[in-house]
Number of protein chains: 2
Amino acid sequence: MRNGSSVTIYQVARAAGVSPSTVSNLLNGRPGRMLPATRQRVEEAIEQLGYRPNRTARQLRTGRTQAIGLVVPSVANPFWGTFARHLEGAALAEDYHVLLCNSEREPERERRYLEQLWDDGIRGVVLCSSLPSLDHVKPLLEAGLTVVAFDRTAQPGDPEALVNISVDNVVGAHLVTQHLLDLGHRRLAYVSGSLRAVNRQERYRGYLSAITDAGLDLADANAELSTSDTSYGDRDAAELGRARTVELLGSANPPTALVAMNDMCALGVCAGVRDTGRQVAEDVSVVGFDDILLAELCAPALTTVRQPLERMAAEAFQHLRAGIEGGAPLPGRSLLIRPELVVRASTAPPR
Amino acid sequence: MRNGSSVTIYQVARAAGVSPSTVSNLLNGRPGRMLPATRQRVEEAIEQLGYRPNRTARQLRTGRTQAIGLVVPSVANPFWGTFARHLEGAALAEDYHVLLCNSEREPERERRYLEQLWDDGIRGVVLCSSLPSLDHVKPLLEAGLTVVAFDRTAQPGDPEALVNISVDNVVGAHLVTQHLLDLGHRRLAYVSGSLRAVNRQERYRGYLSAITDAGLDLADANAELSTSDTSYGDRDAAELGRARTVELLGSANPPTALVAMNDMCALGVCAGVRDTGRQVAEDVSVVGFDDILLAELCAPALTTVRQPLERMAAEAFQHLRAGIEGGAPLPGRSLLIRPELVVRASTAPPR
DNA sequence: GCCGGACAGTAAATCGATGCACGAGTCTTT
DNA sequence: AAAGACTCGTGCATCGATTTACTGTCCGGC
């Protein structure tokens with residue numbers, strides 16, 4: 001009795017006076033193969049003995065698991081934490097489990113995780129990878145893994161079977177930059193970690209396009225990019241924002257508005273602004289991206305771009321399920337969500 | 001070939017010219033049962049074929065899984081997100097997976113999760129439950145589940161086999177309240193959600209004891225408790241703090257210092273302070289608990305009590321592993337970590 | 001020369017569920 | 001009346017790994 005209670009299908013069968021096959025048939029949506037009376041006897045036996053199927057055995061036999069993998073940079077980042085929560089909620093509703101994997105933005109770790117998940121029988125994964133290339137998942141995709149790439153738009157050269165779900169980063173960054181321009185700002189800067197990540201690059205593109213679309217010259221607008229090439233993790237996004245901001249504001253002709261690659265970074269930027277003795281909004285406008293929970297709690301509340309995480313998580317899960325239960329992965333497709341500008345108190349007209 | 005590559009132990013055996021048993025013996029740390037030459041042949045075959053053990057089959061046979069469960073109120077809360085990340089890190093180092101479960105503070109959901117985990121073959125769980133009673137895990141404990149109750153000190157009447165890991169909430173709250181008293185504050189208030197959760201109660205006790213230990217009368221110190229009995233989730237902790245604070249500061253003789261049950265709540269309290277046109281620190285001191293990442297980023301940076309999450313997560317995992325691999329659960333025990341006061345900018349002497 | 005034991009390795013049962021292939025009985029059809 | 005078709009099932013191989021019980025073989029000791 002290593003396994004605790006462990007009522008098996010055989011015991012149910014004996015109790016109901018049928019064969020294990022019949023119990024299995026009932027359990028697997030083939031109740032038509034028996035008389036209603038038999039069916040009831042089996043159901044009673046199941047009830048009585050408190051039978052619960054052994055998922056491991058089932059998985060070994062069928063090759064299917066009721067679990068999906070979630071690979072995120074780090075769930076310590078509230079953005080990913082919130083996403084994880086929503087994904088898990090969607091999964092729970094269909095009796096699926098979620099295996100949590102923090103890649104810490106290390107490619108090698110990410111690869112290792114995916115393989116491990118595959119070995120564990122997982123056939124569907126939400127991959128939140130910032131890597132510019134997803135070639136390393138190709139073998140798994142070919143073997144039959146369903147992968148939803150989240151927060152990463154489809155790239156030329158991506159594996160075919162990939163499903164992409166992402167907010168439109170270009171539009172989002174455009175929106176928020178436009179907002180700053182509308183307020184009258186002309187000297188802007190963009191604060192970002194390494195631009196090797198696809199979504200970061202898109203956001204930067206949106207930022208630039210808003211400036212040029214407004215008929216401004218990039219040089220005139222004094223649009224700067226303050227980045228760092230070392231591979232910053234999430235926990236350091238804020239520190240990065242803080243350090244860069246102090247630098248930027250110390251320069252000769254400092255920007256009056258700062259666009260951060262995401263909210264965590266923006267919080268750091270705000271801290272940096274204060275470090276130099278200035279006030280956010282009054283002296284320097286700051287905007288973020290994501291609309292994490294804290295964006296509206298910090299002082300001043302952050303103007304940012306909202307990602308509808310719950311909807312996106314539900315969508316991601318449904319894709320996975322379709323891929324897993326359909327047996328074959330879905331044909332690759334791309335879902336681009338239109339983000340929403342959320343104006344709060346961290347932006348104001350320049351002095 | 002449903003299963004992709006799927007090299008089995010049999011194929012390895014054939015390639016090496018031995019029986020499957022021998023391969024298994026090698027794989028399970030019994031290399032002494034064969035000649036070094038044989039051993040090498042098997043190892044070469046494994047290498048050559050790229051064999052990787054099927055964890056599902058292994059689990060079915062042995063009853064053991066290389067996975068643990070993590071039940072938290074909500075990983076959207078940065079505190080739990082950070083804990084999850086550290087736990088996952090500790091697990092990864094030993095090749096364990098982490099199954100993520102958000103209870104959303106719903107007892108029924110928590111119970112359902114635990115059963116599901118058990119059915120899935122999980123034999124070790126970190127349970128972050130705020131429920132005053134853990135009676136519902138008793139059957140699982142008896143069946144052989146190893147449970148580490150995290151952020152919850154041992155309670156009289158708890159199941160025997162429980163391992164508790166928690167920060168000393170009483171001491172922590174005492175420390176931070178003491179700090180306020182040292183600064184000269186005499187009119188304090190405590191802001192908390194429902195006190196039914198064990199740790200919240202302890203923190204409140206620590207708060208009260210600091211006041212009486214200082215030789216003050218509770219009435220003199222004007223120590224108030226502002227709580228709400230509706231079951232607030234994490235995402236609302238901040239809103240609760242905000243709403244209560246506005247109320248408290250609107251009263252006749254408002255407190256000069258506010259102690260929040262945790263950092264999320266404290267962030268809300270800070271927002272509430274500003275809502276009433278006051279300044280945090282200058283007009284009203286605010287303290288939190290946990291020292292989440294954002295505590296030092298928000299403005300002003302939050303004075304709080306640090307929980308050494310990484311160390312605690314590592315400890316929790318080691319207990320689970322011992323419980324799982326030892327076959328039998330460990331005898332119940334309790335680990336109480338001494339927290340550390342972190343003084344930042346949200347506290348100052350009263351006006 | 002025979003027994004006991006260490007050594008090197010294997011056969012086969014087992015974990016629990018699944019589902020194909022088959023079968024016995026009953027009803028239709030021509 | 002024989003052949004087909006349908007109903008209500010069941011037998012058994014199978015998923016991949018583990019592990020117990022066992023078989024030869026060789027060696028040393030008395």
Side-chain angles (χ1 to χ4, degrees), chain A residues 1-42 45-46 49-66 118-121 123 144 325 327, chain B residues 1-43 45-46 49-66 118-121 123 325 327:
Chain A
M1 195 123 322
R2 169 178 51 236
N3 221 357
S5 62
S6 123
V7 180
T8 78
I9 208 179
Y10 287 85
Q11 313 187 25
V12 173
R14 187 159 346 123
V18 295
S19 79
S21 313
T22 299
V23 181
S24 173
N25 280 332
L26 177 59
L27 257 39
N28 290 308
R30 286 179 286 269
R33 298 220 182 160
M34 65 207 75
L35 290 176
T38 312
R39 171 178 174 174
Q40 199 185 336
R41 268 188 1 258
V42 175
I46 288 176
L49 299 176
Y51 167 79
R52 268 152 42 199
N54 180 320
R55 286 168 164 237
T56 307
R58 195 173 254 182
Q59 176 182 347
L60 175 59
R61 189 62 241 258
T62 64
R64 263 172 270 133
T65 343
Q66 293 271 94
W118 176 261
D119 286 350
D120 251 359
R123 293 299 171 260
E325 296 182 3
Chain B
M1 196 121 319
R2 171 180 48 238
N3 221 357
S5 61
S6 120
V7 179
T8 77
I9 207 178
Y10 286 85
Q11 314 188 24
V12 173
R14 185 156 351 121
V18 295
S19 80
S21 315
T22 299
V23 180
S24 175
N25 278 332
L26 178 57
L27 257 39
N28 289 60
R30 285 180 285 271
R33 298 223 182 158
M34 66 207 74
L35 292 176
T38 313
R39 170 177 175 174
Q40 199 184 335
R41 265 182 10 252
V42 175
E43 277 168 348
I46 287 177
L49 299 176
Y51 167 79
R52 270 156 35 205
N54 180 319
R55 287 167 163 238
T56 307
R58 196 172 254 183
Q59 177 183 347
L60 176 59
R61 186 65 239 256
T62 64
R64 265 172 268 132
T65 342
Q66 293 271 94
W118 176 262
D119 287 349
D120 251 0
R123 293 298 171 260
E325 296 181 3

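Sequence lines set the chain letters: A, B, ... in the order given, protein chains first and strands last, and positions in each chain run from 1.
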Legend entry - Contact nearer the 5' end of DNA chain C, comparing B:Gly32 with A:Val23: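 Nearer the 5' end of the strand: B:Gly32.
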Inset, instruction - Step by step, work out the side-chain contact (heavy atoms from CB on, under 4.5 Å) result for B:Ile46 and B:Leu27. - result: CA-CA 10 Å; B:Ile46 287 177; B:Leu27 257 39; 3.6 Å; yes
Rounded off to whole Å, could you give me the [atom1]-to-[atom2] distance for the [X] and [N] pair?
X	N	atom1	atom2	result
B:Arg55	D:dA17	CZ	P	13 Å
A:Leu49	C:dG16	CG	C1'	15 Å
B:Asp120	C:dG16	CG	P	15 Å
B:Arg14	C:dA11	CZ	P	13 Å
B:Arg61	C:dA13	CZ	C1'	8 Å
B:Gln40	C:dG9	CD	P	13 Å
A:Gln59	D:dT14	CD	P	21 Å
B:Leu60	C:dA13	CG	C1'	13 Å

Between [options], spot the one nearest the side chain of [X], thanks.
X	options	value
B:Tyr51	D:dG9, C:dC15, D:dA17	D:dA17
B:Ile9	D:dG11, C:dT10, D:dA17	D:dA17
B:Thr38	C:dG9, C:dG19, C:dT10	C:dG9
B:Thr62	C:dG19, C:dG16, D:dT19	D:dT19
B:Ser19	C:dG16, C:dA11, D:dT10	C:dA11
A:Leu35	D:dG16, D:dG9, D:dT18	D:dG9

Inset, instruction - Please figure out whether B:Tyr10 or A:Tyr10 has its closest DNA chain D nucleotide nearer the 5' end. - result: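 The residue closer to the strand's 5' end, by nearest nucleotide, is A:Tyr10.
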Legend entry - D:dT19 OP1/OP2 closer than 4.0 Å to side-chain N/O of B:Arg30: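 For D:dT19, OP1/OP2 do have a side-chain N/O of B:Arg30 under 4.0 Å.
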Legend entry - Heavy atoms from other residues, nucleotides or ligands near CZ of B:Arg14 exceed 12 (cutoff 6.0 Å):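 No - once you tally the heavy atoms of other residues, nucleotides and ligands closer than 6.0 Å, there are 12 at most.
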Applying a 4.0 Å non-hydrogen cut-off, can you work out what [X] is touching in the nucleic acid: base, sugar-phosphate, or nothing?
X	value
B:Arg39	nothing
B:Thr22	base
B:Asn28	sugar-phosphate
A:Thr56	nothing
A:Arg58	sugar-phosphate
B:Thr8	sugar-phosphate

Inset, instruction - Nearest 0.5 Å please: distance from the CG atom of A:Asp120 over to the CG atom of B:Asn54. - result: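 If we round to the nearest 0.5 Å, A:Asp120:CG and B:Asn54:CG are 9.0 Å apart.
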Inset, instruction - Give, for atom CG of A:Asn25 and atom CZ of A:Arg30, the distance between the pair rounded to the nearest 0.5 Å. - result: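 One finds 5.0 Å between CG of A:Asn25 and CZ of A:Arg30.
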Inset, instruction - Please name the residue in the list A:Val42, A:Thr38, A:Leu26 that meets the side chain to side chain contact (heavy atoms under 4.5 Å, CB included) test with A:Pro31. - result: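 Testing A:Pro31 for a side chain to side chain contact (heavy atoms under 4.5 Å, CB included) against A:Val42, A:Thr38, A:Leu26 leaves exactly one candidate, A:Leu26.
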Inset, instruction - May I ask you to verify whether the side chain of B:Ser21 and the base of C:dA11 hold a donor-acceptor pair under 3.5 Å? - result: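 By the distance-only test, yes, there is a pair.
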Legend entry - For B:Asp119, the option from A:Arg55, A:Arg52, A:Arg58 that meets salt bridge (Lys or Arg N to Asp or Glu O under 4.0 Å):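 When A:Arg55, A:Arg52, A:Arg58 are each tested with B:Asp119, the salt bridge (Lys or Arg N to Asp or Glu O under 4.0 Å) holds only for A:Arg52.
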